[in-house]
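Worksheet: the structure to be examined is printed underneath.
Heavy-atom basis, side chains included; hydrogens, waters and symmetry copies ignored.
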Amino acid sequence: MKTMNVFIVEIDKPINDTIKTDGGFELFVDTRWDEFSNRCVEGKVVSSPLRLKNPVKKGDTLYFHHLVVMEGGQKLKDSENHYIVKTDPNFTISNQAFAYKGSDGKITPLFGWTLLTPTSEEKEPESTTIQLLELEERPVNTGVVALQCNELDELGIRVGDEVGFMKNMDYRVTIDGQEYYRVRAEDLLYVKEDIYND
């Protein structure tokens, strides 16, 4: 199959509703209460767009936005497990594909997306007698660049740099057991610098 402007990926199950134990048992997970975090966000590339200059090859693993599989997803007509993943190299927001893993096992961001590892800020209690509790998780707005894209190269941002980004512009994704925040390079606000070094 040859496609012009989209990826076609093969996905076994759109919802990850089973887990395997170390002993080899497969357990069913009830995803009704948390379907969002159980949606499949990766698939094997069946076809890579011919009109785009991109390094993704047939057989690579493509990582994509959960909308690809949501509510029946973007299934290829007459196919049980092939899905369309939209992409546009000119507009990052239009890219459902955000990274890929080639045959060498290296994960590489695509089309203006970057992957950050979360940072956590420890909050010191304001009193030694009263413990402060937060009932809601605050939106994370900082992360450390784990995998960079060409757009970060152009800005002089490197792997290991701590960056700030617009609140609610991140999206949690787990790749090979590691949690990342998928963020557009254009949504980064600053690079944190050591105030003791000029």
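Smallest separation of non-hydrogen atoms from Leu62 and Leu110: CD1-CD1, 3.9 Å. Taking both residues in full, the closest heavy atoms of Asp153 and Arg158 are given as OD1-NH1, 3.2 Å, listed atom of the first, atom of the second, then distance. Listed here is the closest heavy atom pair of Phe165 and Leu189: C-CD1, 3.8 Å. Closest non-hydrogen pair, Leu152 versus Thr114, comes out as CD1-OG1, 3.3 Å.
Put simply, OG1 on Thr87 and CZ on Phe7 are 5.5 Å apart, with the number rounded to the nearest 0.5 Å. We find the OG-NZ distance between Ser48 and Lys58 to be 11.5 Å, quoted to the nearest 0.5 Å. Note that the CZ atom of Arg182 and the CG atom of Asp187 stand 10.0 Å from one another [nearest 0.5 Å]. The distance from the CD1 atom of Ile107 to the CZ atom of Phe98 is 9.5 Å, given to the nearest 0.5 Å. Atom-to-atom distance recorded for Glu162:CD and Thr117:OG1 is 9.0 Å, nearest 0.5 angstrom. Residue Asn141 holds its CG atom at 10.0 Å from OH of Tyr181, rounded to the nearest 0.5 Å.
Under a hydrophobic clustering in which Ile, Leu, Val, Met, Phe, Trp and Tyr are joined whenever their side-chain heavy atoms come within less than 4.5 Å, directly or via other members, Tyr180 and Val144 fall into different clusters.
A donor-acceptor pair is defined here as one N or O able to donate and one able to accept, closer than 3.5 Å; no such pair exists between the side chain of Glu10 and the backbone of Val45. A side-chain donor-acceptor contact under 3.5 Å links Thr3 to the backbone of Val6. Of the possible polar contacts, none joining the Gln96 side chain to the His65 backbone as a donor-acceptor pair under 3.5 Å is found. Side-chain atoms of Thr61 do not come within 3.5 Å of backbone N or O of Tyr100 as any donor-acceptor pair.
Proximity of Cys149 to Trp113: side-chain heavy atoms (C-beta onward) are nowhere separated by under 4.5 Å. Residues Val163 and Val145 meet the side-chain proximity criterion, which asks for heavy atoms closer than 4.5 Å. A 4.5 Å side-chain heavy-atom check between Lys106 and Lys101 finds every atom pair outside the cut-off. For the pair Tyr83 and Val46, the minimum side-chain heavy-atom distance is 4.5 Å or more.
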> Going through the distances and angles, do Glu179 and Arg172 end up as a side-chain contact (heavy atoms from CB on, under 4.5 Å)?
Replying inline: CA-CA 7 Å; Glu179 184 179 66; Arg172 290 178 192 233; 3.4 Å; yes
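Look at Asp60 and Lys44 and you find no salt bridge, because none of the NZ, NE, NH1 or NH2 atoms lies under 4.0 Å from a carboxylate O.
Shown here is Lys86, whose NZ atom has no more than 12 heavy atoms of other residues, nucleotides or ligands within 6.0 Å.
Partner Leu147 forms a side-chain contact (heavy atoms from CB on, under 4.5 Å) with one of Leu115, Ile175, Thr108 and no other, that one being Leu115.
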